Amino acid sequence: GEERDELIDALEPVETARLVTEMKSDDDADMLLDLDEDEKAEVLRHVPAEDREELQRLTQYSEDTAGGIMQTELVAVRSDQTVRAAVEEIRRTRDEVGELHEIFVVDPEGRLKGWVKERALILAEDDDHIASITRPVPKSVPVGMDQEDIADLVRDYDLSSVPVVDEEARLLGRILVDDIVDVLMEEATEDITRLGGTDPEEIYEPSIRRALRSRTPWLVIAFFGTVAASLVIAAAEDVLIGAGSLLAFLPVIMGMGGGSSTQAATVTVRSLALGRIRPGQVLPVVRREALTGFLVALGTGVVLWVVVTITQRGEPATAWIAALSVFGTVCIGTTLGVIVPLVLEKLGADPAVATSPFVTTMNDVLGATVIIVTGLLIL
């Protein structure tokens, strides 16, 4: 983050190297990734030789993968060791490892075979072999797995730590639950900001230039969508004038359509992010949201018809146009809110980024069209 960058800038390479060697491996790798190649090489030159190779290996992994967020500090005992030998290994590495959680079990080639819980280790006899108290690991993750997928696994399996393995199942490191909490917060922030048509970096590294760069493209799309809706309304000015005071209720009609689409889009995008919508569940989701939109639209239409009828006596056509228009815009808005992110997901685009401007633009144009068409049919 910005504070870490400022700290690095204030330190000499030798001081940065000393700081790096005192941090956990996932944190010092992140710090090195913030440096350019020349700065990283200079810092590594001052790192003790026994730590340098590991740091160079860790910085090869992308920040948002298992390799980028894992710690290499862990306790791994061999399956052919006795409990006494395993306990001695734990004592020897206790200061380096920190939180223990589980003791990982590997074979002589370093391949992950399972893990041992602390309770089982304490209750076992000294001469028992580790293999006899080893339990399967619920889930291990490959070093290249995306951090968002790892967070889903932790949530599904209720894990406190996750072992990271290479393509030959050799144990490389572990990911602790506190790192996963950071990932969940990061991903949620990313989804929320992008759904609003901006960028998560505005929160982590705020600046006017960054804000303009991230917000302007989506605002431009929304602007032209609104202009298009205005042109549709202007082209049918006679219809609106013929409907008496319908103009006064345009904000209600357009606002309800926009609100319903935003609600449906927010639920759909977040459901996609959480993996709650599977490929075979698309039609039920669309059907549920469409029915929800229909019921909301029906209730809103009836209420608006009553309001317009009471306040605009002598203009029954206006009441019907307003009621049917709000019914149509809410139905369309809800349907767009659920279909657009699903289509974007299918096309490989990020629904959190593109849904808001697309839904806003389409809803404005179609909402204006509904009002005009309803007016033409009734008048």
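Given the structure is predicted, the values throughout are model-derived calculations rather than measurements.
Put simply, the side chain of Thr268 never gets that close to the backbone of Ala265: no donor and acceptor are under 3.5 Å apart. When atom types are taken as modelled, the side chain of Thr334 and the backbone of Cys331 share no donor-acceptor pair closer than 3.5 angstrom. Although no hydrogens or angles enter the test, the distance criterion places no donor-acceptor pair under 3.5 Å between the side chain of Arg135 and the main chain of Gly114.
Looking at Arg84 and Val87, their side chains never come closer than 4.5 Å, going by heavy atoms from C-beta outward. In this structure, the side chains of Leu171 and Leu74 come closer than 4.5 Å at one or more pairs of heavy atoms. You'll find the side chain of Ile253 reaches within 4.5 Å of the side chain of Leu304, heavy atoms only. Looking at heavy atoms from C-beta onward, Val141 lies out of side-chain contact with Met70 at the 4.5 angstrom threshold. Val143 has its side chain out of reach of Thr65: every pair of non-hydrogen atoms, C-beta onward, lies at least 4.5 Å apart. Considering only heavy atoms from C-beta on, Leu342 comes within 4.5 Å of Leu272 through its side chain. Counting heavy atoms from C-beta on, the side chains of Ile103 and Glu118 come closer than 4.5 Å. By the 4.5 Å heavy-atom criterion applied to side chains, Leu153 and Val162 are not counted as neighbours.
Criterion: ILVMFWY side-chain heavy atoms under 4.5 Å apart, direct or through other members. Under it, Val306 and Trp320 are part of a common hydrophobic cluster. Under the 4.5 Å side-chain contact rule for hydrophobic residues, Val154 and Tyr157 share a cluster. Residues Val326 and Leu298 are members of separate hydrophobic clusters, defined by side-chain heavy-atom contacts under 4.5 angstrom among Ile, Leu, Val, Met, Phe, Trp and Tyr. Taking hydrophobic clusters as Ile, Leu, Val, Met, Phe, Trp and Tyr residues chained together by side-chain heavy-atom distances below 4.5 Å, Val267 does not share a cluster with Leu283. Hydrophobic clustering (side-chain heavy atoms under 4.5 Å, transitive across Ile, Leu, Val, Met, Phe, Trp, Tyr) keeps Val365 apart from Leu336.
When all heavy atoms of Pro136 and Trp115 are compared, the pair lying nearest together is O-NE1, 3.8 Å. In terms of heavy-atom proximity, Val370 sits nearest to Gly328 at CG1-CA, 4.2 Å. Counting all heavy atoms, side chain and backbone alike, Thr82 lies closest to Asp127 at CG2-O, 4.2 Å. Smallest separation of non-hydrogen atoms from Ala323 and Trp305: CB-CB, 3.6 Å. The shortest heavy-atom contact between Glu168 and Asp166 is N-OD1, 2.9 Å. Shown here for Val165 and Ser140, the closest heavy-atom pair between the two residues is CG2-OG, 4.2 Å.
Here Lys139 contributes atom NZ and Asp156 contributes atom CG; the two are 9.5 Å apart, rounded to the nearest 0.5 Å. To the nearest 0.5 Å, atom OG of residue Ser79 and atom CD1 of residue Ile133 are 11.5 Å apart. Arg174 contributes atom CZ, which lies 9.5 Å from atom CG of Asp179 (distance to the nearest 0.5 angstrom). In this structure, the separation between CG on Asp152 and CD on Glu148 is 6.5 Å, given to the nearest 0.5 Å. The line from CD1 of Ile122 to NZ of Lys117 is 13.0 Å long, rounded to the nearest 0.5 Å. Atom CG in Asp182 sits 9.5 Å away from atom CD in Gln147 (nearest 0.5 Å).
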inquiry  = Pair Ile180, Ile150 - check side chain to side chain contact (heavy atoms under 4.5 Å, CB included), show working.
reply    = CA-CA 8 Å; Ile180 294 301; Ile150 299 169; 3.6 Å; yes

request  = Please step through side chain to side chain contact (heavy atoms under 4.5 Å, CB included) for the pair Tyr61 and Val164, ending with a clear verdict.
outcome  = CA-CA 12 Å; Tyr61 302 123; Val164 181; over 6 Å; no

key: Derivation of the side chain to side chain contact (heavy atoms under 4.5 Å, CB included) call for Ser161 and Phe104   = CA-CA 11 Å; Ser161 66; Phe104 296 103; 4.1 Å; yes

message = Show, in sequence, the C-alpha distance, side-chain angles and deciding distance for Leu121 and Val83, and conclude whether the side chain to side chain contact (heavy atoms under 4.5 Å, CB included) test is met.
response = CA-CA 7 Å; Leu121 192 66; Val83 168; 3.9 Å; yes

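Between Glu89 and Arg92, at least one side-chain nitrogen of the basic residue sits less than 4.0 Å from a carboxylate oxygen of the acidic one, meeting the salt-bridge criterion.
Of the listed residues (Ile130, Asp107, Val137), just one forms a side chain to side chain contact (heavy atoms under 4.5 Å, CB included) with Lys113, and that residue is Asp107.
Relative orientation of the Phe294 and Phe327 rings is perpendicular, given thresholds of 30° and 60° on the angle between their planes.
Remark: Glu109 CD is packed, more than 12 non-hydrogen atoms of other residues, nucleotides or ligands lying under 6.0 Å away.
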